[in-house]
Amino acid sequence: MVRLIYCIFWLVVFFIPIALLSLVPPRHRKRPNLFIYRSLARVFRIKISVRGEISDKEPILFASNHMSYADIIVLGATLPGNFISKAEVKKWPLFGWIAVLTGTVFVSRKKSGTLDQLDEVSAAIASGKNLILFPEGTTSDGKSVMPFKSSLFKITEARDITVQPVTLSYTHINGLPLQANERIKIAWVGDAELMPHLLEFVNLGMIRAEVKIHSALHVKGNRKLVADEAHKVVADWKS
């Protein structure tokens with residue numbers, strides 16, 4: 001509980017600079033967003049190592065595997081982009097608030113809302129945002145990468161956008177290699193309630209995360225091919 005209070009204290013301290021992000025035009029939010037998420041990584045004691053280079057051809061759609069709410073901190077501290085997230089995240093305590101103020105693009109997961117999703121994503125790209133997508137559509141325990149849903153990759157059929165796969169791994173807790181039975185302490189899956197899991201998470205100690213930024217894909221013109229190729233790159237590195 002002491003660690004949770006400590007984290008909440010620093011989040012309160014960061015409230016004003018995070019809130020001021022809403023006044024910054026989207027094209028100029030990349031550096032402030034990185035600063036906010038890197039500060040959160042320090043608060044939550046997440047040490048991040050990065051391999052690979054970010055493409056210099058924008059806009060970029062980053063496509064990553066997904067295990068936990070912690071992924072938001074890790075990738076937000078690493079990639080110059082805004083998250084694409086399910087609308088329900090707005091209601092999450094703490095992370096929903098941060099997501100709103102850092103310019104997350106919220107989309108409905110309903111099949112009937114696919115066109116609206118694409119409109120939201122297209123508008124975000126037009127405003128100068130790079131985007132970070134979790135195409136699995138949900139979290140996993142990290143042992144493998146689930147198939148990528150292709151719906152939001154349809155934006156690559158209409159726009160010239162760079163697709164860059166990203167593989168995220170959690171490798172150590174307090175300097176010791178992460179054991180198979182410890183994955184669930186970081187991964188937030190199934191029906192686990194957020195706050196109890198978060199309380200356990202903040203008490204784990206120092207967590208090491210590794211982000212592998214892969215080369216941009218050359219596959220274009222077909223959302224399913226793009227999704228499959230991105231999945232193959234991410235999953236092959238993960239295995």
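All figures in this text were calculated on a predicted structure; none of them were measured in a lab.
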- Report the distance from atom CG of D141 to atom OG of S68, rounding to the nearest 0.5 Å. 12.0 Å
- Query: Is there a donor-acceptor pair under 3.5 Å between the side chain of N65 and the backbone N or O of L168?
  - Reply: yes
- Item | V211 side chain near V74 side chain, heavy-atom distance below 4.5 Å | yes
- Could you state the interatomic distance from CD (E200) to CG (L204), rounded to the nearest 0.5 Å? 6.0 Å
- Rounded distance [0.5 Å steps], CD1 in I84 versus CG in L131: 4.5 Å
- Query: Of all residues at least two apart in sequence or in a different chain, which pass the side chain to side chain donor-acceptor pair (under 3.5 Å) check with R183?
  - Reply: none
- Query: Partners of K232 by side chain to side chain donor-acceptor pair (under 3.5 Å), sequence neighbours excluded?
  - Reply: D236
- Task: Apply side chain to side chain donor-acceptor pair (under 3.5 Å) to R159 and S122, showing your working.
- Result: CA-CA 8 Å; R159 287 181 171 273; S122 183; 3.1 Å; yes
- Taking all non-hydrogen atoms of both residues into account, name the closest pair between I132 and G81 and its distance. CD1-O, 3.7 Å
- R38 CZ to I46 CD1 distance, which is reported to the nearest 0.5 Å: 14.0 Å
- Task: State, with a plain yes or no, whether a side-chain heavy atom of V89 is found less than 4.5 Å away from one of T104.
- Result: no
- Message: When you compare the side chains of S151 and R223, does any donor N or O come within less than 3.5 Å of an acceptor on the partner?
- Response: no
- E182: partners by side chain to side chain donor-acceptor pair (under 3.5 Å), with sequence neighbours left out: none
- So, the side chain of K129 versus the backbone of G103: is there a donor-acceptor pair under 3.5 Å, distance only? yes
- Item | Heavy-atom side-chain contact between S85 and V107 under 4.5 Å | no
- Does E136 reach the side chain of S140, with side-chain heavy atoms less than 4.5 Å apart? yes
- Query: More than 12 heavy atoms of other residues, nucleotides or ligands under 6.0 Å from NZ of K212: is that the case?
  - Reply: yes
- Query: With sequence neighbours left out, which residue pairs that include part of residues 138-172 fulfil the ring pair (Phe, Tyr, Trp, His ring centres under 6.0 Å) condition?
  - Reply: F148-H231
- Query: Between the main-chain N or O of N82 and the side-chain N or O of N33, is there a donor-acceptor pair closer than 3.5 Å?
  - Reply: no
- Least distance between heavy atoms, S215 atom then P165 atom: O-CD, 3.5 Å
- Can you list the steps and then say if L217 with T156 is a side-chain contact (heavy atoms from CB on, under 4.5 Å)? CA-CA 11 Å; L217 298 183; T156 64; over 6 Å; no
- For F134, which of M67, K86, H66 qualifies under side-chain contact (heavy atoms from CB on, under 4.5 Å)? H66
- Is there a donor-acceptor pair under 3.5 Å between the side chain of E210 and the backbone N or O of R208? no
Less than 3.5 Å apart, which donor and acceptor atoms pair up between the side chains of residues 50-64 and the rest of the protein, not counting sequence neighbours?
unit_1 : atom_1 : unit_2 : atom_2 : d
S55    : OG     : K57    : N      : 3.0
E58    : OE2    : N130   : ND2    : 3.0

- Item | Flag side-chain contact, heavy atom, 4.5 Å: T167 against H214 | yes
- Task: Please examine the side chains of I173 and M206, heavy atoms only from C-beta on, and report whether any two atoms are closer than 4.5 Å.
- Result: no
- Task: Before giving the answer on side-chain contact (heavy atoms from CB on, under 4.5 Å), spell out for L75 and F83 the whole-Å C-alpha distance, their side-chain angles and the decisive distance to 0.1 Å.
- Result: CA-CA 9 Å; L75 296 182; F83 290 95; 4.0 Å; yes
- Task: Kindly indicate, with the supporting measurements, whether the criterion side-chain contact (heavy atoms from CB on, under 4.5 Å) is fulfilled by M146 and T138.
- Result: CA-CA 9 Å; M146 292 182 290; T138 187; 3.4 Å; yes
- Rounded to the nearest 0.5 angstrom, the CZ-CZ distance for F201 and R45 is 10.0 Å
- Message: Under the criterion side-chain contact (heavy atoms from CB on, under 4.5 Å), I'd like the reasoning laid out for L198 against W188: C-alpha separation, chi angles, the key distance, then a yes or no.
- Response: CA-CA 9 Å; L198 179 60; W188 183 51; over 6 Å; no
- K220 vs D160 side-chain heavy atoms within contact, under 4.5 Å: yes
- Message: Between T78 and I213, is there a side-chain heavy-atom distance shorter than 4.5 Å?
- Response: yes
- For the pair T139 and Y69, evaluate side chain to side chain donor-acceptor pair (under 3.5 Å) and give the outcome as yes or no after the intermediate values. CA-CA 9 Å; T139 54; Y69 45 78; over 6 Å; no
- For T162, all residues meeting side chain to side chain donor-acceptor pair (under 3.5 Å), sequence neighbours excluded: none
- Task: Output the distance between atom NZ (K149) and atom NZ (K224), rounded to the nearest 0.5 Å.
- Result: 12.5 Å
